[in-house]
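Report on the following structure.
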Protein chains: 2
Amino acid sequence: MDVDTGMETGPVTGQAGGPDAGGEIAPPARRPRVQKNVTTALGLDICSERYPVGTALPKESDLCELYGVSRTVVRESLKILATKGLVNSRPRVGTVVCDKAEWNLLDAQILEWMGPRIQDLDLLGCILETRRTVEPVAAEFAAERASVQEIADLEAAWKRMHDAGPDTEAFTRADVQFHEILLKASHNQVFRQLSSIIHAALMYSLHRSNEVIDHRDEALDIHRDLVEALRLRDGAAARAASHRMLDTAVRDLAPALRGGRQDADGS
Amino acid sequence: MDVDTGMETGPVTGQAGGPDAGGEIAPPARRPRVQKNVTTALGLDICSERYPVGTALPKESDLCELYGVSRTVVRESLKILATKGLVNSRPRVGTVVCDKAEWNLLDAQILEWMGPRIQDLDLLGCILETRRTVEPVAAEFAAERASVQEIADLEAAWKRMHDAGPDTEAFTRADVQFHEILLKASHNQVFRQLSSIIHAALMYSLHRSNEVIDHRDEALDIHRDLVEALRLRDGAAARAASHRMLDTAVRDLAPALRGGRQDADGS
DNA sequence: ATCCATAAATAGTATGACTATACGGGAAGA
DNA sequence: TCTTCCCGTATAGTCATACTATTTATGGAT
């Protein structure tokens with residue numbers, strides 16, 4: 001993140017940059033690239049429910065003032081957010097925040113913007129269900145289809161987990177990479193698209209579990225078994241290892257999933 | 001589709017609309033809304049490999065002339081395409097088409113733009129694998145979680161299939177809707193995001209299978225069994241019905257999947 | 001031959017003006 | 001009084017132009 005996360009809305013550039021009044025020598029007029037900052041700021045404000053679902057954002061000209069940028073930048077940012085399903089613009093009505101059912105949950109940026117709020121809407125539960133459904137199959141496919149290089153990459157990721165030692169952060173990072181490589185090695189393009197959401201979920205859940213040393217040792221063993229199964233092209237073993245992996249995830253996440261499943265959609 | 005599909009690139013508006021030369025009474029200057037048309041045209045041209053992966057699109061000012069629109073429209077269209085992972089713009093370099101691995105395959109518009117080319121990259125095979133992985137689980141979840149309304153909607157979709165008679169088109173439409181409602185009834189938000197891709201794949205594959213009367217009768221039976229299982233809240237039966245459904249899909253699509261799996265990614 | 005400065009090309013930003021669209025209220029009609 | 005239609009108005013959509021930032025390519029100096 002190269003943006004001030006958590007910042008309140010406000011000028012994105014240090015230079016207010018109003019029209020250069022007077023016929024002076026025209027000071028150079030700085031024009032930094034602020035598109036990403038504005039998009040991120042708006043995305044964060046939407047995902048944090050600062051602009052709740054169904055309400056309208058300030059009109060474009062107001063957003064220009066708020067962030068101190070031109071309408072060009074604001075409009076292009078809104079177009080990006082609209083493409084992600086976050087908002088919907090209509091003349092005379094304004095730009096309204098879409099229902100969460102329309103949000104593109106597989107979008108990495110949205111998940112980043114949601115941050116800890118990923119726990120809303122049972123999202124963590126949904127993702128865990130998806131992992132339990134998809135990952136064992138992906139592991140089985142990977143056993144058949146993974147290239148030698150991909151298996152080596154998996155082993156390298158495992159080694160990074162192993163060598164992380166007491167560094168929980170590094171351990172989690174390697175763990176996430178492991179699962180991304182696995183999805184890729186399944187050679188199913190749809191599965192690979194799920195990487196982003198699994199990435200986000202793991203970053204917010206693995207970290208906790210991985211703080212327990214015992215758990216990390218157990219995870220290391222299972223991950224190694226999976227790599228070994230891929231090397232032997234043993235689909236059943238790979239599937240079994242993946243299942244074990246997810247069972248421990250369920251066990252460790254159970255406390256965080258309290259509250260049962262509610263109807264989260266607007267039907 | 002409210003756009004001239006298959007059209008070559010060219011002015012999107014009938015009115016060339018150059019700058020009104022002279023100090024005349026300023027003829028009204030038509031300004032139709034052309035954003036969607038331009039985006040669609042560019043999307044089609046990219047997905048049809050008119051602009052192959054890795055190559056650069058014409059520069060923005062050229063695109064303005066090509067489509068007879070302002071740079072604003074072109075830029076916002078490119079921003080949309082960039083958000084979908086189709087292109088990537090950089091100063092001095094231009095706007096280059098991204099590798100297909102970065103395309104957002106879960107995006108309904110992209111799938112629409114790909115049209116029959118959905119068969120490239122083993123996409124049809126990947127989607128079928130995904131369905132076989134996800135749909136039975138979704139059916140099982142739906143058995144537990146579907147609302148009465150959702151089950152009624154499923155039954156209504158089934159009835160539309162039943163009543164379609166010889167209208168293959170209507171039958172396929174209802175069939176697709178059935179599967180979308182099922183995914184929604186699983187009350188797993190990630191599963192629901194898969195609707196778009198399953199929708200596209202079914203529209204391009206079911207149509208063929210559904211032309212055979214025998215198959216349609218069989219499909220009707222299985223779909224009814226699934227609804228019945230949901231009504232009885234029998235997860236195992238729902239799962240079994242879904243499995244049977246997909247087995248017939250595999251059987252019917254087998255001819256279209258010849259050629260085996262190749263490595264489609266650029267690793 | 002290598003490296004650095006300069007130039008050129010292209011996307012990014014800014015501004016102001018106009019148009020199309022859709023909501024809301026008021027007038028005309030039942 | 002209620003309904004329908006029209007029109008004013010607010011807001012996003014489009015257009016044109018000018019300028020800035022960034023990156024590649026070129027050419028010259030070491």
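Treat the numbers as computed from the prediction; the structure is a model and nothing was measured. Proteins get letters first, then strands, A, B, ... in listed order; numbering begins at 1 in each.
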Protein N or O to nucleotides 9-12 of chain C N or O, pairs below 3.5 Å:
{"from": "C:dA9", "atom 1": "O4'", "to": "B:Arg92", "atom 2": "NH1", "distance (Å)": "3.2"}
{"from": "C:dT10", "atom 1": "OP2", "to": "B:Lys59", "atom 2": "NZ", "distance (Å)": "2.7"}
{"from": "C:dT10", "atom 1": "O2", "to": "B:Arg92", "atom 2": "N", "distance (Å)": "3.4"}
{"from": "C:dA11", "atom 1": "OP2", "to": "B:Glu60", "atom 2": "N", "distance (Å)": "3.3"}
{"from": "C:dG12", "atom 1": "OP2", "to": "B:Arg75", "atom 2": "NH1", "distance (Å)": "2.6"}
{"from": "C:dG12", "atom 1": "OP2", "to": "B:Arg75", "atom 2": "NH2", "distance (Å)": "3.2"}
{"from": "C:dG12", "atom 1": "O4'", "to": "A:Arg33", "atom 2": "NH1", "distance (Å)": "3.1"}
{"from": "C:dG12", "atom 1": "N7", "to": "B:Arg71", "atom 2": "NH2", "distance (Å)": "2.7"}
{"from": "C:dG12", "atom 1": "O6", "to": "B:Arg71", "atom 2": "NH1", "distance (Å)": "3.2"}

Is a side-chain donor or acceptor of B:Asp122 paired with a backbone partner of B:Gly125 at a separation under 3.5 angstrom?
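Such a contact is absent between B:Asp122 side chain and B:Gly125 backbone.
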
Heavy-atom donor-acceptor pair, B:Trp103 side chain to B:Cys98 backbone, under 3.5 Å
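Present.
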
Would you mind reading off the distance between A:Lys36 atom NZ and C:dT13 atom C1', rounded to a whole angstrom?
15 Å

CG of A:Asp62 versus P of D:dT11: gap in Å, rounded?
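About 8 Å, once rounded to whole Å.
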
Does A:Ser70 place a side-chain N or O at less than 4.0 Å from the phosphate oxygens OP1/OP2 of C:dA14?
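So the side-chain polar atoms of A:Ser70 do come within 4.0 Å of the phosphate oxygens OP1 or OP2 of C:dA14, strictly under.
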
Considering the options B:Asp107, B:Asp45, B:Leu44, which one meets the side chain to side chain contact (heavy atoms under 4.5 Å, CB included) requirement together with B:Trp113?
B:Leu44

Which heavy atom in B:Asn188 sits nearest to a heavy atom in A:Cys126, and how many Å separate them?
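Smallest interatomic distance, heavy atoms only, reads ND2-O, 3.1 Å.
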
Closer than 4.0 angstrom, basic N to acidic O: yes or no for A:Arg145 and B:Glu129?
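Judged by the 4.0 Å cut-off on N to carboxylate O distance, A:Arg145 and B:Glu129 do form a salt bridge.
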
